[in-house]
There are 2 protein chains.
Amino acid sequence: MSMPDITTGKWHSLFNEAHCQTCSLSPLCLPLSLEFTDMDEFDAIIRRRAPLKKGETLFLQDATFTSLYAVRSGSLKQVTTEGSGEDQLTNFYLPSELVGLDGIDETRYPGTVIALETTTVCEIPFDRLEALSQDIPELRSQLFRTMSKELRDDRRMMRLLSRKSADQRLASFFVSLSERFRRRGYSPYSFRLSMSRADIGNYLGLAVETVSRILNRFQQQSLVAVSGREVHILDLDTLGCVAEERALDSPGVS
Amino acid sequence: MSMPDITTGKWHSLFNEAHCQTCSLSPLCLPLSLEFTDMDEFDAIIRRRAPLKKGETLFLQDATFTSLYAVRSGSLKQVTTEGSGEDQLTNFYLPSELVGLDGIDETRYPGTVIALETTTVCEIPFDRLEALSQDIPELRSQLFRTMSKELRDDRRMMRLLSRKSADQRLASFFVSLSERFRRRGYSPYSFRLSMSRADIGNYLGLAVETVSRILNRFQQQSLVAVSGREVHILDLDTLGCVAEERALDSPGVS
DNA sequence: CGGCTTCTTGATCTCGATCAATCAGCGTGG
DNA sequence: CCACGCTGATTGATCGAGATCAAGAAGCCG
């Protein structure tokens, strides 16, 4: 839909020409607060990567940590396999978001990251980024802030997982997605889910069947219109209320 | 028990003399990888704080973010109140751990931090820390690593909250506590819980009653011996298995 | 078309929440 | 010293949200 068309064959040139200075995402991405000259320096360490196709992995769990990745287009999921248990989907990544921050303190990435659709990323070698962050205080500061924000989001997720009902989880998910699309200049009301129901369930700690049923219920309540992976949000306000409301106050649920 | 005695009155002098160079926690704390001269510089920006008594708050949710805090002794909990819902306990902090990292990207702390017992902390003004981290690459690197580790721990917590049974949660909690005490030089097998059952339940996403019941069960299975807040871990290995095992494989639970 | 995977829908079962006492620990004041 | 009240911990009985099991129904692609 709103993503550039991969089939034209113009990608490669487009993609070689790409620079932070001309990237529409730079106000959201790491170079956010950089001056032009600093941005040049930053841009110089970035490695553009060939696009990933749907289902391809950016890196595997336990691979040696070397780089962070900024998403340019498309989306990815991070999956952690631990012990005997099943996989846990810990994150979805959208354009301008930074992948790999949780790998810094170890030598390995703590999860596998997989493209959910055709996806392009910028590779940022971490040693060079760290060196550069010595000379550019804004860059360092921005890195700290990005990590801090991710910590904060994690805490929100913990609250969702430990206190919210299935309805509240789904509602939160849609509100959050809507907000993320809005910030990126896409419509907050109409978008296409790049992840399967199973992914959503795994991420939210719910069974696939539950996701399906609640989506159906939301549809009957005219909160959203869902057709396959196409989503139209009809009543964002109420959805926001559902997301935060205590299960008690919900009136005529019957 | 293993904590210095607060009642002797010797605290204040002890506490004024305290420096990173002589602090037994420095190999675990932020100055971990610093040279002597660097550690002096770091030590100079630290502000020692008067001890907090049980129940006192280090800072309130939405207070302006200014500093990180390193725990010297005692322990704290972080509690977030959001919307109409109840509080969510997002973290316990033990000596050498860094409090406040999730406040960096906003101007405010995202939760209230409360002492669970008599607790001393070192205040580290963040603007000075950030400035210092420009000159001391090891310090900057350590900060990144600390934040990254916290991200990783958060992901583990999400897995616990979304996939693990109540038994597994409690077992994980004890294994994790045990490990944290061990790293700090305390006994990994005998310790005193500074938090209430309600706190544990809130943190693990369980009702108090459930915590109580499962503790009882663990006791009957001779995994732990619990008396009030005094804990003796009898079978750490099995506890570790319980923490990771899928509910299926557990053999003769009956 | 057939052979996939993904999604939906229905029926049943279970774990842990909730409700409701009771009990234990503990500081306070008579 | 002991009755009182308060908070925290335990124990028992019931209930319900959501998992699980089991079929179908759509898509999707060679």
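Note on naming: letters A, B, ... go to the chains in the order of the sequence lines (proteins, then strands), and numbering restarts at 1 for each one.
Look at CD1 on I200(A): it is 14 Å from C1' on dT8(C), rounded to the nearest Å. Residue L215(B) contributes atom CG, which lies 10 Å from atom P of dT11(D) at whole-angstrom precision. Per the geometry, CZ belonging to R192(A) stands 12 Å off P belonging to dG27(D), to the nearest Å. Following rounding to the nearest Å, F218(A) (CZ) and dC7(C) (C1') show an atom-to-atom distance of 18 Å. Rounded to an integer number of Å, the gap from L170(B) CG to dA9(D) P is 13 Å. Residue L204(A) contributes atom CG, which lies 19 Å from atom P of dA17(D) at whole-angstrom precision. One can place CD of E86(B) at 8 Å from P of dT18(C), the figure rounded to the nearest angstrom. One interatomic measurement links the two molecules: CG of L206(B) to P of dT10(D), which rounds to 14 Å at whole-angstrom precision.
Of the N and O atoms on the side chains of R184(A) and S96(A), at least one donor lies less than 3.5 Å from an acceptor on the other residue. Q61(A) and T80(A) share no donor-acceptor pair across their side chains, judged by distance under 3.5 Å alone.
Side-chain proximity of E209(A) to the nucleotides dA9(D), dA22(D), dC7(C) is greatest for dA22(D). The side chain of D167(A) has dG18(D) as its nearest neighbour among dG12(D), dG18(D), dA17(C). For R197(B), counting side-chain heavy atoms from C-beta on, the closest listed nucleotide (dG12(D), dT9(C), dA9(D)) is dA9(D). The nucleotide whose nearest atom lies closest to any side-chain atom of R213(B) is, among dA19(D), dA13(D), dT8(C), dA13(D). Set against dG18(D), dA19(D), dT11(D), the side chain of A166(A) has dG18(D) as its closest nucleotide.
Below the 3.5 angstrom threshold, one finds no donor paired with an acceptor across the side chain of R229(B) and the base of dG25(C). You won't find any donor-acceptor pair under 3.5 Å spanning the side chain of R169(A) and the base of dG18(D), going by distance alone. R217(A) contributes no side-chain N or O that forms a donor-acceptor pair with the base of dT9(C) under 3.5 Å.
Under 4.0 angstrom from either OP1 or OP2 of dT8(C) there lies no side-chain N or O belonging to N216(A). A close approach under 4.0 Å does occur between a side-chain nitrogen or oxygen of T210(A) and OP1 or OP2 of dA19(D).
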Apply ring pair (Phe, Tyr, Trp, His ring centres under 6.0 Å) to residues Y203(A) and F92(A) and explain how you reach the verdict. CA-CA 9 Å; Y203(A) 179 61; F92(A) 294 114; 4.9 Å; yes
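Residue contacts shown for G205(B) are limited to sugar-phosphate atoms, with no base heavy atom under 4.0 Å away.
Checked against side chain to side chain donor-acceptor pair (under 3.5 Å), K77(B) has the following partners two or more places apart in sequence or in another chain: D199(B).
A donor-acceptor pair is defined here as one N or O able to donate and one able to accept, closer than 3.5 Å; such a pair exists between the side chain of R152(B) and the backbone of D102(A).
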